[in-house]
There are 2 protein chains.
Amino acid sequence: MAPTSLGQLKPRKQPVQDRSHATVDAIFEATVQVLLRDGARKLTTRRIAERAGVSIGTLYQYFPGKEALLYALVSRQLDLAASAVEEACRENHGRPINQCSDTFVNAYIDAKASNPESSRALYQATAGLDMKELIDTAIMRLHRAAYSLLASSSDDLVDDLDNVVFSLIAVVTGGTRQIFEGDDTATRLPTFREQLARMCRAYLNESKVSKRV
Amino acid sequence: MAPTSLGQLKPRKQPVQDRSHATVDAIFEATVQVLLRDGARKLTTRRIAERAGVSIGTLYQYFPGKEALLYALVSRQLDLAASAVEEACRENHGRPINQCSDTFVNAYIDAKASNPESSRALYQATAGLDMKELIDTAIMRLHRAAYSLLASSSDDLVDDLDNVVFSLIAVVTGGTRQIFEGDDTATRLPTFREQLARMCRAYLNESKVSKRV
DNA sequence: CCCAAAAATGAACGATTGTTCATATAATAG
DNA sequence: CTATTATATGAACAATCGTTCATTTTTGGG
């Protein structure tokens with residue numbers, strides 16, 4: 001969990017009054033909006049503060065810098081998505097392989113689709129910054145959750161399950177990203193979800209012990 | 001600034017001497033290196049010129065601005081990859097579905113893997129800039145190539161082939177991106193390629209007319 | 001060798017960046 | 001109420017940004 005210098009990246013002040021919570025939320029929300037409207041290149045602390053309706057000084061009372069703000073935003077979102085997937089996987093242990101597959105695919109897409117704007121913004125925010133540790137941590141959580149789910153399945157899977165899960169996650173997260181970064185997300189997401197579910201089921205069924213000589 | 005005016009984004013001067021070609025190449029190469037080493041946030045025209053071993057003035061004799069430089073770089077790379085995939089698809093018309101699938105997957109990954117550093121840099125470069133048109137064009141080329149390839153297959157496919165191809169491309173491009181943006185690309189790419197190929201084959205075989213009632 | 005064209009240079013400019021800090025306002029406890 | 005802490009403000013700063021352009025150096029044909 002500990003990045004290089006976590007002390008520099010944590011919030012400067014912890015809120016004790018209600019209004020400061022509201023301020024922090026407004027800053028996060030403004031960051032997402034600026035990211036969506038102006039893009040990562042024009043994402044400045046001034047613009048964020050302006051859209052949030054607070055002064056630039058206020059922003060710097062809660063975050064030691066711009067990087068820390070983005071770091072906190074991304075961290076929050078990734079944790080939310082990972083937790084949702086973990087819970088869904090936990091609740092579906094021991095089911096047939098097809099159901100396990102659908103569980104993972106749908107849980108991940110649901111998590112992203114629950115706030116499409118934030119998801120879009122997130123992809124922009126991670127660019128150009130060193131969010132690798134954060135992303136790696138989230139992916140590891142997905143990996144553990146999916147591995148555990150599939151290993152618990154009532155169907156037997158191949159022994160190189162690690163590679164299967166690794167590829168599955170790359171495809172699900174990467175494919176979903178393409179949809180969210182492309183046009184007509186709302187229109188195309190249902191179709192993609194269905195096709196991705198079919199694809200993952202077919203792949204995992206192909207990976208059963210019984211299918212491999 | 002007007003991002004959509006294409007005239008502003010084209011090279012300012014066309015090279016007539018050899019050394020100027022070398023200069024342009026050096027600038028492109030330097031852009032990739034800065035992108036990889038310092039990230040998109042620290043990608044400045046000064047830094048690019050410095051690493052290319054030219055003055056800042058020289059950079060602005062070939063490109064009207066930073067955006068135009070990135071636009072040209074991304075455009076070149078996307079065109080290269082799309083052309084490679086198109087050619088491979090053309091050469092494999094009329095084959096069985098499994099071979100068509102492998103053709104597309106391997107052609108795309110080969111194109112990206114032929115210069116992993118450029119591919120990595122490309123993903124960073126597209127962030128925060130308005131490269132949507134460029135990317136859409138490239139994806140449309142991939143779509144046409146894959147559609148034509150699969151439609152020509154000796155096996156019959158479902159009638160909603162457009163949706164199948166759309167999802168296939170999202171998964172292949174998105175999944176590959178995840179591998180290139182992650183750690184240990186060189187180590188993990190062969191495994192991912194193999195698993196992705198299996199996944200796409202399984203998916204397309206599931207999409208045959210004979211399998212759907 | 002010479003000289004017009006091509007290519008390269010980097011000091012300089014205004015705009016904008018991230019960040020700080022002395023000050024002002026709002027909330028809360030006694 | 002008063003005193004104290006929490007929160008909010010925005011002018012100001014140094015650094016750096018993208019870009020321009022008058023000038024110099026290099027090139028290649030005559």
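Reminder, nothing fancy here: chain letters follow the sequence lines and each chain counts from 1.
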Earlier contact from the 5' end, DNA chain C, for B/V54 and A/K66: B/V54
Under 4.0 angstrom between [X] side-chain N/O and [N] OP1 or OP2:
X: B/T58; N: C/dA7; value: no
X: B/T23; N: C/dA8; value: yes
X: A/S55; N: D/dG10; value: no
X: A/T45; N: C/dT17; value: no

Could you tell me the separation between the [atom1] atom of [X] and the [atom2] atom of [N], rounded to a whole number of Å?
X: B/D18; N: C/dA5; atom1: CG; atom2: P; result: 20 Å
X: B/I27; N: D/dT19; atom1: CD1; atom2: P; result: 13 Å
X: B/R41; N: C/dG18; atom1: CZ; atom2: P; result: 7 Å
X: B/I48; N: D/dT19; atom1: CD1; atom2: P; result: 10 Å
X: B/Q61; N: C/dT9; atom1: CD; atom2: P; result: 10 Å
X: B/R47; N: D/dG18; atom1: CZ; atom2: C1'; result: 14 Å
X: B/Y60; N: C/dG10; atom1: OH; atom2: P; result: 16 Å
X: A/L43; N: C/dT16; atom1: CG; atom2: C1'; result: 14 Å

Closest-nucleotide 5' rank along DNA chain D - winner of A/L59 and B/I56: A/L59
Min side-chain heavy-atom separation A/E50-A/V34 under 4.5 Å: no
Between CG on residue A/L142 and CD on residue A/E86, distance to nearest 0.5 Å: 7.5 Å
Backbone N/O of B/Y123 and side chain of B/T126: donor-acceptor pair under 3.5 Å: yes
B/R141 and B/S83 side chains, donor-acceptor separation under 3.5 Å: yes
Pair B/F28 + B/Y62: ring centers closer than 6.0 Å: no
Selected nucleotide, minimal atom distance to A/R46 side chain, candidates C/dA6, D/dA8, C/dG18: C/dG18
A/R19 side-chain proximity, nearest of C/dA7, C/dA27, D/dT19: C/dA27
